[in-house]
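Below is one structure, written out as structure tokens; comments come after it.
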Amino acid sequence: MTFAERAWAMIRRIPRGRVATYGQIGALLGRPRNARAVGQALRNCPHDVPWHRVVNSAGGISARPRASSMLTQELRLTGEGVALRRGRIPLRRFRWAGGASARTAPRRRAASP
DNA sequence: TCCGTGACACAAG
DNA sequence: CCTTGTGCCACGG
């Protein structure tokens with residue numbers, strides 16, 4: 001099973017009206033530094049994957065190849081009750097608590113000489 | 001195999 | 001707040 005497939009499986013678990021961040025999905029899959037690969041996985045995902053519930057760490061909708069889907073994402077989110085405040089989603093309120101508080105997980109920084 | 005790319009995250013300034 | 005620099009790692013060519 002590829003990383004992308006596992007990412008899809010995790011994203012399918014996000015309930016309506018909640019969102020998760022790219023980093024959060026990566027962390028839940030045991031790869032907290034692999035947020036970017038989550039974005040790649042969403043590039044061409046199956047239609048039953050609620051891709052619109054994945055946003056960046058600022059609660060914003062990330063830029064992508066086809067800008068039209070950004071508007072689609074916002075419409076779908078507001079359609080299920082996720083409100084944007086000044087262009088961002090208040091994660092305090094709408095973040096999916098998948099796997100409990102996967103937020104602010106300890107991160108390893110570069111080792112110094 | 002190696003190398004560049006990217007729908008990201010985060011610490012500093 | 002916002003901007004910049006750096007770290008990360010799956011994927012494709």
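So you know, we letter chains A, B, ... as the sequences are listed, proteins then strands, and number each from 1.
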Pick base, sugar-phosphate or nothing for [X], based on heavy-atom distances below 4.0 Å to the nucleic acid.
X: A:Tyr22; answer: base
X: A:Ala58; answer: nothing
X: A:Ser69; answer: nothing

Take the protein atom [atom1] of [X] and the nucleotide atom [atom2] of [N], then report the distance between them rounded to whole Å.
X: A:Gln24; N: B:dC10; atom1: CD; atom2: P; value: 11 Å
X: A:Glu74; N: B:dA7; atom1: CD; atom2: P; value: 19 Å
X: A:Phe3; N: C:dC9; atom1: CZ; atom2: P; value: 11 Å
X: A:Arg43; N: B:dC8; atom1: CZ; atom2: C1'; value: 15 Å
X: A:Arg64; N: B:dC8; atom1: CZ; atom2: P; value: 8 Å
X: A:Leu29; N: B:dA9; atom1: CG; atom2: P; value: 14 Å
X: A:Arg33; N: B:dA11; atom1: CZ; atom2: C1'; value: 14 Å

*Do any of residues 35-42 of chain A sit with a heavy atom less than 4.0 Å from DNA chain C, and if so which?*
A:Arg36, A:Ala37, A:Gln40
*asked:* Looking at every non-hydrogen atom in both residues, tell me the closest pair between A:Ser69 and A:Trp51 and how far apart they are.
replied: O-CH2, 3.8 Å
*Where along residues 76-93 of chain A does a heavy atom come under 4.0 Å from DNA chain B, residue by residue in number order?*
none
*Taking the side chain from A:Trp8 and the backbone from A:Ala41, do they hold a donor-acceptor pair closer than 3.5 Å?*
yes
*Mark yes or no for whether A:Gln73, through its side chain, and A:Val54, through its backbone, hold a donor-acceptor pair below 3.5 Å.*
yes
*With a 4.5 Å limit on heavy-atom distance, are the side chains of A:Val38 and A:Phe3 in contact?*
yes
